[in-house]
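What follows is a short report on a single structure.
In what follows, every heavy atom counts, from backbone to side chain, and hydrogens, waters and symmetry copies are set aside.
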Amino acid sequence: MGVAGARGGARAGAAMAAAPRWRERLFALYFLSHIPITLLIDLQPLLPAGLHPPALTELLQWYAASFRDPMMLQPPEWFKAFIYCEAFLQMPFFPVAVYAFFKGGCKWIRTPAIIYSTHVATTLFAILAHILFHDFSKSEHVGPRTQRERLILLSIYAPYLLIPLLILFTMLFHPHYSHVEKRKRK
């Protein structure tokens with residue numbers, strides 16, 4: 001291997017080490033954006049009416065009508081269970097994840113991020129299947145009627161599957177996170 005090959009190898013090694021940085025920034029923004037969305041919008045179905053300011057209630061109603069998402073206005077029990085998980089399991093994790101991913105290089109976030117992303121991906125598969133296959137004609141609130149409306153609603157939820165899957169694959173397969181340090185024996 002010549003000098004050019006050595007430089008190329010060094011650059012490739014540096015690129016491999018730096019590769020998760022753009023992803024860490026994406027993950028940090030994802031978790032940061034999730035905090036107000038969860039607190040102001042997603043938790044509304046669990047709280048008594050009138051607890052949120054009218055503007056936020058109107059925003060939720062506008063969203064549900066515009067994108068034909070009756071689950072946010074009248075969630076089925078299984079969907080409510082997912083919202084409770086978001087409130088009590090995911091929400092406390094969001095600021096921790098924002099810190100770890102904005103700081104960058106925090107290997108300790110690997111296990112919590114794997115747990116989070118696996119949980120969210122699992123719930124999103126159920127939600128997306130419901131959007132694609134459920135008969136919304138019996139819903140009290142208007143749901144998607146056409147395949148196009150189902151795909152539009154699916155596109156609203158899809159990033160909440162795709163980004164957790166990217167988090168999962170990064171934590172499992174990127175050398176920065178998957179490298180296990182061997183402890184020295186005393």
Side-chain angles (χ1 to χ4, degrees), residues 22-98 101 112-173:
W22 72 266
R23 282 178 258 175
E24 288 178 324
R25 289 184 182 121
L26 173 68
F27 301 158
L29 291 173
Y30 166 82
F31 287 111
L32 185 63
S33 72
H34 226 309
I35 294 169
I37 291 169
T38 298
L39 292 174
L40 303 176
I41 304 297
D42 293 355
L43 298 184
Q44 283 190 44
L46 301 182
L47 301 172
L51 193 61
H52 279 84
L56 292 176
T57 303
E58 290 168 12
L59 177 63
L60 178 61
Q61 291 170 347
W62 169 84
Y63 159 77
S66 298
F67 295 99
R68 300 191 181 274
D69 187 354
M71 294 181 294
M72 288 303 295
L73 295 179
Q74 187 179 20
E77 295 307 317
W78 62 267
F79 190 80
K80 239 186 231 185
F82 292 166
I83 299 172
Y84 278 111
C85 287
E86 185 176 2
F88 295 110
L89 300 176
Q90 296 174 31
M91 186 61 206
F93 176 66
F94 295 158
V96 173
V98 169
F101 289 121
I114 289 170
I115 293 167
Y116 166 82
S117 56
T118 303
H119 167 72
V120 170
T122 303
T123 64
L124 260 295
F125 280 120
I127 292 168
L128 297 178
H130 185 75
I131 291 169
L132 286 174
F133 305 117
H134 181 70
D135 178 9
F136 288 98
S137 66
K138 296 175 178 82
S139 298
E140 183 179 319
H141 301 281
V142 179
R145 291 185 217 141
T146 65
Q147 192 63 21
R148 182 178 184 278
E149 290 174 350
R150 288 177 189 272
L151 292 175
I152 289 170
L153 182 56
L154 189 105
S155 72
I156 300 293
Y157 283 91
Y160 298 100
L161 170 64
L162 298 176
I163 293 175
L165 286 177
L166 182 59
I167 292 169
L168 179 63
F169 288 117
T170 300
M171 296 299 118
L172 291 176
F173 300 114

Calculate, to the nearest 0.5 Å, the distance between atoms NE2 and CG belonging to H52 and L39 respectively. 8.0 Å

Does the side chain of Y116 come within less than 4.5 Å of V120's, by heavy atoms? yes

Side chains of H119 and Q90: closer than 4.5 Å at any heavy-atom pair? yes

Are side-chain heavy atoms of Y160 and I37 found at a separation under 4.5 Å? yes

Find out whether F27 and L166 are in side-chain contact, i.e. whether some heavy atom of one side chain is under 4.5 Å from a heavy atom of the other. yes

Can you check whether Y30's main-chain N or O pairs, donor with acceptor, with S33's side chain at less than 3.5 Å? yes

Please find out if less than 6.0 Å separates the ring center of F67 from that of Y157. no

Residues that E24 engages under salt bridge (charged side-chain N to carboxylate O under 4.0 Å, His left out), provided they are two or more places apart: R21

On a heavy-atom basis, the closest approach of L56 and Q44 is O-NE2, 3.1 Å

Once rounded to the nearest 0.5 Å, what's the spacing between atom CE of M71 and atom NE2 of H134? 9.0 Å

Pair F93 and F31, ring centroids less than 6.0 Å apart: yes

Answer yes or no: is there a side-chain heavy-atom contact under 4.5 Å between I41 and L59? yes

What one should report as the nearest heavy-atom pair of F136 and G143 is CB-CA, 3.9 Å

Between the side chain of E149 and the main-chain N/O of R145, is any donor-acceptor distance below 3.5 Å? yes

Does the side chain of M91 reach to within under 4.5 Å of the side chain of I35, using non-hydrogen atoms? yes

Heavy-atom side-chain contact between H130 and W78 under 4.5 Å: yes

Look at the aromatic rings of F88 and Y84 and report parallel, tilted or perpendicular, splitting at 30° and 60°. parallel

Could you please spell out the steps behind the side chain to side chain contact (heavy atoms under 4.5 Å, CB included) verdict for R68 and L153? CA-CA 7 Å; R68 300 191 181 274; L153 182 56; 5.6 Å; no

Please name the pair of heavy atoms, one in T122 and one in T118, separated by the smallest distance, quoted to 0.1 Å. OG1-O, 2.7 Å

Hey, are the side chains of F79 and M72 touching, using non-hydrogen atoms and a 4.5 Å cut-off? yes

Using every non-hydrogen atom in the two residues, find where P159 and S155 come nearest and quote the distance to one decimal. CD-O, 3.2 Å

Approximate separation, where rounding is to 0.5 Å, of L168 CG and I115 CD1: 11.5 Å

Can E140 and L73 be said to form a side chain to side chain contact (heavy atoms under 4.5 Å, CB included), step by step? CA-CA 9 Å; E140 183 179 319; L73 295 179; over 6 Å; no

What pair of heavy atoms forms the shortest contact from P70 to V142, and how long is it? CD-O, 3.6 Å

side-chain hydrogen bond (donor to acceptor under 3.5 Å, both in side chains) with H34: which residues, sequence neighbours excluded? T38

CG of L151 to CG of L132, rounded to nearest 0.5 Å, is 7.0 Å

Give, for atom CG of L154 and atom CD1 of I127, the distance between the pair rounded to the nearest 0.5 Å. 11.0 Å

Could you grab the distance from atom CG of L128 to atom OG1 of T123, nearest 0.5 Å is fine? 9.0 Å

